[in-house]
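Take a look at the structure set out below.
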Amino acid sequence: MNQLLERVAAFAARRHWIVIIAWVLILGGVLGASRAFGGTYVNNYTVSGSDSALGLDRLNSEFPQQGGYSGQIVFHARHGTVASDQSAVNQATANVAKLPHVIKTVSPFASGSTGAVSKDGTIAYSSVSWKVNPDSLETSYLNQLNTAVKPATQAGLQVAYGAGAGQIGQKTSDTTSEAIGLGCALLLLVFMFGSLITAAIPLISAVFSVGAGLSLLGLIASVVQFPTTAPTIATLLGLGVAVDYGLFLVSRHREQLDTGMDVITSAKQAAGTSGAAIVVAGSTVVVSILGLYLVGVSFVGSLGLAAALVVAVTMIAALTMVPALMGLVKGNVRSLPDRIRARRAGISGAQQARQTSAETQERHERSAFARWGRMVSAHPWPWGLTSVLILVVLAIPLFSITLGQPDNGTNPTSQSNRVAYDLIKQGFGVGVNGPLAVVVKVPKESSSDTQSLLSGMTKNVTAASGVASVGPAAVNSSGNTAVFNVIPTTRPQSGSTTALVDRLRADVLPKSHVTTYVTGTTAGADDFTKRITSRMIYLILAVVAIAFILLTVAFRSVVIAAKAAVLNLLSIGAAYGVIVAIFQWGWGASLVGIPTTLPIPAYVPMLVFCIVFGLSMDYEVFLLSRIHEAWVTTRDPHRAVAIGIGSTARVITTAAAIMVVVFASFVLSTDPTVKMLSIGMAFAVLIDASLVRMVLVPAIMSVLGRHAWWMPRWLEPIVPHLQLEGSTAAAAAPPPEPAATRR
């Protein structure tokens with residue numbers, strides 16, 4: 001693999017214009033194709049084979065008038081009553097019924113038994129069902145809906161869209177977050193490299209690769225269903241890793257130029273060492289995220305596919321476009337002060353670099369970071385135990401985590417679906433925001449027997465704890481399927497509502513001795529959470545096992561791989577604790593734009609685990625590969641730690657800072673789930689790059705000493721050899737005698 005990477009980089013550096021133009025054509029081509037043939041993004045929380053999914057399938061096949069995707073149009077009279085404008089409401093409802101994809105609408109005044117007008121007469125709502133998920137409907141459809149309800153708004157009524165109707169045309173833009181993230185990344189890169197030209201290389205590669213990846217994602221969305229948050233999560237992750245991969249390559253390249261190496265040779269060697277590390281780290285990220293398919297829920301798996309796709313494109317760009325840009329800028333990648341000094345001395349940059357190469361080689365071992373590494377490795381137990389204690393304390397909130405699906409009551413008060421939620425709560429009770437639908441498979445009996453069955457069933461459900469009301473049952477024309485609504489006393493995201501769903505399925509409905517299903521958005525969310533929770537342990541074990549294998553191959557050490565797995569679990573646990581403290585406990589929630597506490601969506605911990613576990617491999621590979629390089633050369637574990645930290649800490653710190661600001665910039669999103677991912681991932685990377693990489697890793701490596709690189713003899717011939725950061729010459733050189741006295 002190393003030789004292939006070297007050949008690709010050498011070609012890209014020599015024929016840089018060919019590669020750059022190819023990337024321009026690729027970006028333009030997939031962008032144009034995505035706009036012409038791309039699909040849409042839809043949130044589909046349906047869990048195949050679950051009780052709610054089976055009930056919905058039964059309705060759609062046997063009773064389509066009662067199936068589809070539901071929504072509410074809420075009417076509010078600020079003065080007087082809604083009944084005063086009954087004709088306007090009826091006209092608005094009739095107009096909505098004529099819109100494309102609408103199955104049916106029910107006016108609040110259709111009959112006296114609808115229960116869709118509040119007791120004080122100030123609030124009413126129409127029920128609407130669509131053939132397609134309202135999430136997939138664009139802004140143009142929202143404009144049609146606004147036009148349809150104009151009779152009501154012109155009459156002076158306030159109109160808001162609730163449940164599924166509130167999702168129509170609600171597409172968010174990540175432009176502000178992207179601009180802030182890239183702007184901060186540019187400042188950090190300029191600060192590190194002291195050169196705007198050098199800083200621009202990772203950013204240009206990031207823009208091209210993420211743009212191409214998102215366009216490709218849009219094309220695939222025409223045949224694969226992706227959630228609405230998929231582009232945001234892919235952008236969030238893609239920008240972070242793209243800048244980091246470019247940074248790792250450029251920093252290695254410039255370090256080699258500073259020793260007098262020519263541009264082509266340096267680009268080639270950077271790809272063969274740092275590039276190989278990128279392949280290992282990036283592959284770990286991709287495999288970890290694709291592990292989300294183990295959950296068995298298409299929603300979660302497709303989120304992983306979207307992120308993995310963009311990460312894969314960023315890897316390809318790092319290994320091709322970055323070397324091309326290196327070849328384009330040539331020696332200008334070196335810092336501006338160095339180039340100015342060379343110009344004043346009347347010598348070339350390469351001559352100057354050769355003159356100062358000895359100083360460059362020793363700089364890492366004498367740096368402040370190297371001194372820090374020696375200090376930690378000299379007293380590993382106090383530093384290591386203190387770090388573990390901090391991580392454990394941060395993880396404490398994790399043990400009170402409540403998994404569930406946030407309802408519209410957690411959205412910003414400016415959004416229509418939040419307005420509708422509050423009006424429904426005010427006029428009818430909070431449970432109307434999350435009705436349950438009980439679908440009954442009616443036996444072949446007489447109509448009187450069917451009515452007796454349904455009467456007894458609704459009576460049992462009405463008497464159940466946690467039920468506010470039960471609607472009349474409707475039977476299809478074939479007489480084989482019936483459905484009735486159940487209104488809980490609690491809000492959709494409440495644990496009491498989840499308990500009611502379980503109680504209906506396990507205790508109440510079985511009393512009637514017929515096949516029943518509890519379905520609807522609230523029941524579907526409950527099934528979604530349970531499926532993910534039941535599969536989470538398998539995902540964790542699979543991702544840890546895969547990462548263990550990859551790191552064993554990369555470093556030929558089972559100890560290093562085991563250490564990395566344990567430390568990653570600690571840092572991710574701390575990130576989980578922070579998420580729970582902010583969003584579930586409400587500590588500082590208002591600072592990130594969350595008006596109320598909310599449960600943690602079940603797929604958030606899974607996404608954070610897979611993404612952060614993969615990303616932490618980046619820093620593990622780049623730090624440990626340099627420590628391994630020093631170990632091969634010196635055979636002194638303490639000195640190897642100091643050299644490894646001294647040569648990578650500045651790069652890893654900058655890379656982590658870039659990742660943190662990119663992730664944190666997405667806290668501006670209005671989606672609470674994106675905010676959770678943003679904060680959780682930013683904090684996890686911060687902890688991983690500081691506490692774990694700068695304290696725990698050197699402490700543990702010092703304690704382990706030469707045993708850190710242990711590999712069972714029987715594994716030696718099985719595990720393939722993979723050269724990462726350490727040069728082939730260093731790896732092949734005979735080991736010197738241990739420097740027992742040097743620290």
Side-chain angles (χ1 to χ4, degrees), residues 178 181-193 198-210 213 233-255 270-271 273-286 288-289 307-308 310-323 325-326 568 571 611-626 647-666 678 681-682 684-690 692-694 724-725:
E178 293 167 4
L182 289 174
C184 292
L186 177 61
L187 292 176
L188 288 168
L189 289 169
V190 170
F191 177 78
M192 175 184 172
F193 288 123
T198 312
I201 293 177
L203 292 181
I204 293 173
S205 175
V207 170
F208 271 77
S209 59
V210 173
I233 293 173
T235 302
L236 183 151
L237 180 58
L239 284 177
V241 299
V243 175
D244 273 12
Y245 292 163
L247 168 61
F248 290 135
L249 277 171
V250 172
S251 61
R252 179 76 180 207
H253 174 61
R254 194 167 86 166
E255 179 184 319
T273 53
S274 293
I278 287 172
V279 171
V280 172
S283 299
T284 307
V285 174
V286 170
S288 296
I289 301 173
V310 175
V311 170
V313 175
T314 63
M315 288 172 55
I316 296 171
L319 298 171
T320 56
M321 190 173 194
V322 170
L325 293 172
M326 291 175 181
N568 287 343
S571 61
I611 292 174
V612 173
F613 200 96
L615 289 178
S616 63
M617 291 298 103
D618 290 2
Y619 307 129
E620 181 77 9
V621 168
F622 284 97
L623 173 58
L624 266 297
S625 56
R626 286 299 184 94
S647 60
T648 62
R650 189 182 181 198
V651 177
I652 289 178
T653 301
T654 304
I658 290 171
M659 196 84 78
V660 168
V661 297
V662 169
F663 289 164
S665 66
F666 281 80
S678 169
M681 290 163 58
V685 169
L686 178 64
I687 283 291
D688 190 82
S690 57
V692 173
R693 301 300 149 209
M694 296 299 294
L724 297 181
E725 290 282 344

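We use all heavy atoms of the structure for the numbers below, so side chains are in, but hydrogens, waters and symmetry mates are not.
- The stretch residues 312-322 participates, sequence neighbours left out, in these side chain to side chain donor-acceptor pair (under 3.5 Å) pairs: Trp23-Thr320.
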Exercise for the section: Check the pair Leu249, Met326 against side-chain contact (heavy atoms from CB on, under 4.5 Å), reporting the backbone distance first and the verdict last. Expected result: CA-CA 10 Å; Leu249 277 171; Met326 291 175 181; 3.9 Å; yes

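- For Thr653 (side chain) and Arg650 (main-chain N/O), no donor-acceptor pair under 3.5 Å exists by modelled atom type.
- The heavy-atom pair separating Ser571 from Ile687 by the smallest distance is CB-CG2, 4.0 Å.
- With contacts defined as side-chain heavy-atom distances shorter than 4.5 Å, the pair Met321/Ile204 qualifies.
- Under the 4.5 Å side-chain criterion, counting only non-hydrogen atoms from C-beta, Phe191 is not in contact with Thr654.
- Nearest heavy-atom pair across Ala185 and Val243 is CB-CG1, 4.5 Å.
- From Thr273, atom OG1 reaches atom CZ of Arg252 across 4.0 Å, with rounding to the nearest 0.5 Å.
- Annotation: side chain of Leu182 is in contact with side chain of Val207 (closest heavy-atom distance under 4.5 Å).
- Residues forming a ring-ring contact (aromatic ring centres under 6.0 Å, His included) with Phe613 (at least two apart in sequence, or on another chain): Phe609.
- Looking at heavy atoms from C-beta onward, Asp688 lies in side-chain contact with Asn568 at the 4.5 angstrom threshold.
- Rounding to the nearest 0.5 angstrom, the gap separating the CE atom in Met659 from the CG atom in Leu188 is 12.5 Å.
- Using a 4.5 Å cut-off on side-chain heavy atoms (C-beta onward), Ser274 and Tyr245 make no contact.
- Between Gly246 and Pro202 the shortest heavy-atom distance is C-CG, 3.8 Å.
- You'll find the side chain of Leu189 stays beyond 4.5 Å of the side chain of Val250, heavy atoms only.
- Atom CZ of Arg254 and atom CD1 of Ile201 lie 10.0 Å apart (nearest 0.5 Å).
- Between the CG atom in Leu247 and the OG atom in Ser205 there is a gap of 11.5 Å [rounded to 0.5 Å].
- With sequence neighbours left out, Asp244 forms a salt bridge (Lys or Arg N to Asp or Glu O under 4.0 Å) with no residue at all.
- Of all non-hydrogen atoms in Ile652 and Ala689, the two that sit nearest each other are CG2-CB, 4.4 Å.
- By the 4.5 Å heavy-atom criterion applied to side chains, Val310 and Thr235 are not counted as neighbours.
- Summarising the geometry, atom CD1 belonging to Ile658 is positioned 10.0 Å from atom CG belonging to Leu187; distances are rounded to the nearest 0.5 Å.
- Atoms CE and CG, on Met681 and Leu236 in that order, are 4.5 Å from each other to the nearest 0.5 Å.
- Checked against side chain to side chain contact (heavy atoms under 4.5 Å, CB included), Leu319 has the following partners two or more places apart in sequence or in another chain: Leu5, Val279.
- Residues Ala664 and Ala682 come closest through the heavy atom pair N-CB, 4.1 Å.
- For Leu686, the side chain to side chain contact (heavy atoms under 4.5 Å, CB included) partners are Val660, not counting sequence neighbours.
- Taking Ser283 as the reference, nothing meets the side chain to side chain donor-acceptor pair (under 3.5 Å) condition, with sequence neighbours excluded.
- Listed here is the closest heavy atom pair of Val612 and Ala684: CG1-CB, 3.5 Å.
- At least one side-chain heavy atom of Ser251 sits under 4.5 Å from a side-chain heavy atom of Met192.
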